[in-house]
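Computed over heavy atoms, backbone and side chain alike; hydrogens, waters and symmetry mates excluded.
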Amino acid sequence: MARFYSFLWLNNISLNGMERTNWTEIEFILQGLSEYPRAEKLLFVMCLMMYLVILLGNSTLVILTLLDSRLHTPMYFFLGNLSFLDIWYTTSFIPTMLIHFLSKKKTISFTRCIIQMSVSYSMGSTECVLLAVMAYDRYVAICNPLRYSIIMSKALCIQMSALSWGLGFLNSLAETILAIRLPFCGKNVINHFICEILAFVKLACTDIFLNEIAIMLGNVIFLFSPLLLICISYIFILSTVLRINSAEGKKKAFSTCSAHVTVVTVFYGTILFMYMKPKSKDAVFEKLIALFYGVVTPMLNPIIYSLRNKEVHGALRKLMTRQWFWKEA
């Protein structure tokens, strides 16, 4: 991808009468919490620990869903996709962010900034669609249990997963193409920990109306449309569960959805809080909320899904027993 970006604009070009320098000459400064060096050192320790948990937890879930035949079901197939996505999403920005926490020089090249921005935006868009797909899977499991294995076939699961990844990639590609055409002629200071797309385009020394419209449309399509589908799915699920006579049946039905509901609540709760709350004058608070969304949510996903999940616990014990057996042999 780096070669692709570098190939597009090798020479100076003119846009709206302004000369744009080569990409290799442009650098951005990720301000982060530069004015609070002690806080950055504390954040380094916290984010490093959380990143290790993210890698360990999500990698373990991916390995378990691949190796254990009991987890070869649609729910765990989509969960494996979600865990794989969280690894890529956090790896796109956390290592660079950790380096900047300990460094006085917090610059990032144009190409690396674009790659970081496009990968994180693609993963975020994909996760929104994937959570809606997982809600549909729970809807079929509870509302049509007798036809579940027929409806949620292996072919359909692969198609829905590919659709999630494909839509996320196309959304990111469209936003990235619009962003790389912008000219930059200022100090290029991004008041953030990472190359966030809206903060990035606001640095351009030209009109960004088209970019802002595209970002707004992308947010509506990839944030609120999946959320609407999730809500509709759970309305049908709740209606079905309430018609179940036995308390044990209701409890079992709710337990199959509890992990997904918790993940959706954390994911969308943080996003809606960031975008719909009144604009705060405290820029530090705004950055920390964005950091929570970017780091804490991917860390919680494997914990939430495995905390009370007997299948995951059993698969993990089986894997550990197998490793111990081979070590003893």
Side-chain angles (χ1 to χ4, degrees), residues 26-58 86-124 127 175 179 182 184-205 208 211-212 215 219 266-301 303:
I26 302 177
E27 284 191 336
F28 293 88
I29 300 173
L30 297 174
Q31 190 171 6
L33 293 180
S34 302
E35 63 273 32
Y36 303 105
R38 291 185 178 179
E40 286 197 324
K41 289 180 173 59
L42 177 61
L43 284 174
F44 171 84
V45 176
M46 294 173 61
C47 289
L48 177 60
M49 293 177 63
M50 287 189 286
Y51 183 51
L52 294 176
V53 173
I54 289 168
L55 294 180
L56 178 62
N58 286 289
D86 282 337
I87 293 171
W88 274 98
Y89 172 67
T90 52
T91 302
S92 69
F93 68 91
I94 290 183
T96 300
M97 186 175 67
L98 291 174
I99 293 172
H100 286 172
F101 279 150
L102 299 181
S103 174
K104 291 184 178 180
K105 185 180 180 182
K106 303 178 187 297
T107 58
I108 184 170
S109 68
F110 185 94
T111 303
R112 286 179 60 201
C113 189
I114 285 289
I115 293 173
Q116 182 185 98
M117 181 178 67
S118 61
V119 171
S120 61
Y121 200 74
S122 175
M123 296 299 104
E127 183 161 1
E175 302 288 357
L182 296 172
F184 296 91
C185 47
K187 290 188 176 180
N188 298 335
V189 178
I190 298 177
N191 191 21
H192 210 290
F193 295 108
I194 64 173
C195 289
E196 196 267 337
I197 188 165
L198 190 56
F200 177 87
V201 300
K202 283 183 177 180
L203 295 177
C205 46
I208 59 169
N211 297 80
E212 290 179 324
I215 292 171
N219 288 341
V266 173
F267 181 80
Y268 275 102
T270 309
I271 292 177
L272 294 176
F273 179 76
M274 282 195 302
Y275 286 102
M276 300 187 73
K277 70 179 180 61
K279 191 69 175 178
S280 174
K281 294 182 179 179
D282 188 357
V284 174
F285 178 72
E286 297 280 346
K287 295 175 190 176
L288 291 176
I289 290 297
L291 186 64
F292 175 88
Y293 162 71
V295 180
V296 177
T297 303
M299 181 188 70
L300 291 178
N301 286 350
I303 297 174

Q | Donor-acceptor under 3.5 Å (Lys287 side chain, Leu33 main chain) | A | no

Q) Which of these passes side-chain contact (heavy atoms from CB on, under 4.5 Å) with Met299: Asn58, Leu55, Ile54? A) Ile54

(Q) Quick check: closest heavy atoms across Thr90 and Gly294, and the distance to 0.1 Å? (A) CG2-O, 3.8 Å

Q) To the nearest 0.5 Å, how far apart are CD1 in Ile197 and CD1 in Ile215? A) 4.5 Å

Q: For the residue pair Glu127 and Asp86, establish whether any side-chain heavy-atom pair is separated by less than 4.5 Å.
A: yes

Q: For Thr96, check side-chain hydrogen bond (donor to acceptor under 3.5 Å, both in side chains) against everything at least two apart and list the hits.
A: Arg112

Q) Got a second to check how far Leu198's CG is from Glu175's CD, nearest 0.5 Å? A) 10.0 Å

Q.
Just so I know, are the side chains of Leu182 and Asn211 near enough to count as touching, which here means a heavy-atom distance under 4.5 Å?
A. yes

Q: Evaluate the criterion side chain to side chain contact (heavy atoms under 4.5 Å, CB included) for residue pair Leu203 and Ile190; output intermediate values, then yes/no.
A: CA-CA 8 Å; Leu203 295 177; Ile190 298 177; 3.5 Å; yes

Q) Quick one: side-chain contact (heavy atoms from CB on, under 4.5 Å) partners of Val189, sequence neighbours excluded? A) Ile29, Gln31, Lys187

Q.
With side chain to side chain contact (heavy atoms under 4.5 Å, CB included) as the criterion, how do Lys202 and Ile208 come out once you've worked through the C-alpha distance, each side chain's angles and the decisive distance to 0.1 Å?
A. CA-CA 7 Å; Lys202 283 183 177 180; Ile208 59 169; 4.0 Å; yes

Q: Please step through side chain to side chain contact (heavy atoms under 4.5 Å, CB included) for the pair Ile115 and Ser92, ending with a clear verdict.
A: CA-CA 8 Å; Ile115 293 173; Ser92 69; over 6 Å; no

Q) Got a donor-acceptor contact below 3.5 angstrom from the Thr270 side chain to the Val266 backbone? A) yes

Q | Test log, rule side chain to side chain contact (heavy atoms under 4.5 Å, CB included), inputs Leu291 and Leu43 | A | CA-CA 10 Å; Leu291 186 64; Leu43 284 174; 3.9 Å; yes

Q) If you round to the nearest 0.5 Å, how far is CG of Asn188 from CZ of Phe200? A) 8.5 Å

Q | Side chain Gln116, main chain Cys195, donor-acceptor under 3.5 Å | A | yes

Q: Name all pairs fulfilling the side chain to side chain donor-acceptor pair (under 3.5 Å) condition that reach into residues 32-52, sequence neighbours left out, sorted by first residue then second.
A: Glu40-Lys106, Tyr51-Thr91

Q: Output all residues satisfying side-chain contact (heavy atoms from CB on, under 4.5 Å) with Phe44, sequence neighbours left out; order by chain, then residue number.
A: Leu48, Leu98, Phe101, Leu102

Q | Contacts of type side-chain contact (heavy atoms from CB on, under 4.5 Å), residue Lys105, not counting sequence neighbours | A | Ser103, Thr107

Q: Could you pull out all residues at least two apart from Met49 that satisfy side-chain contact (heavy atoms from CB on, under 4.5 Å)?
A: Val45

Q | Beyond-backbone contact of Ile108 with Glu27, side-chain heavy atoms, under 4.5 angstrom | A | no

Q: Drop me the distance from Cys113's SG to Leu30's CG, to the nearest 0.5 angstrom.
A: 6.5 Å

**Q.** Residues which pass ring pair (Phe, Tyr, Trp, His ring centres under 6.0 Å) with Phe267, listed by chain and number, not counting sequence neighbours
**A.** Tyr293

Q.
Going by disulfide bond (SG atoms under 2.5 Å apart), name the residues that satisfy it together with Cys47, two or more places apart in sequence or in a different chain.
A. none

Q | Residues in ring pair (Phe, Tyr, Trp, His ring centres under 6.0 Å) contact with Tyr89, at least two apart in sequence or another chain | A | Phe93

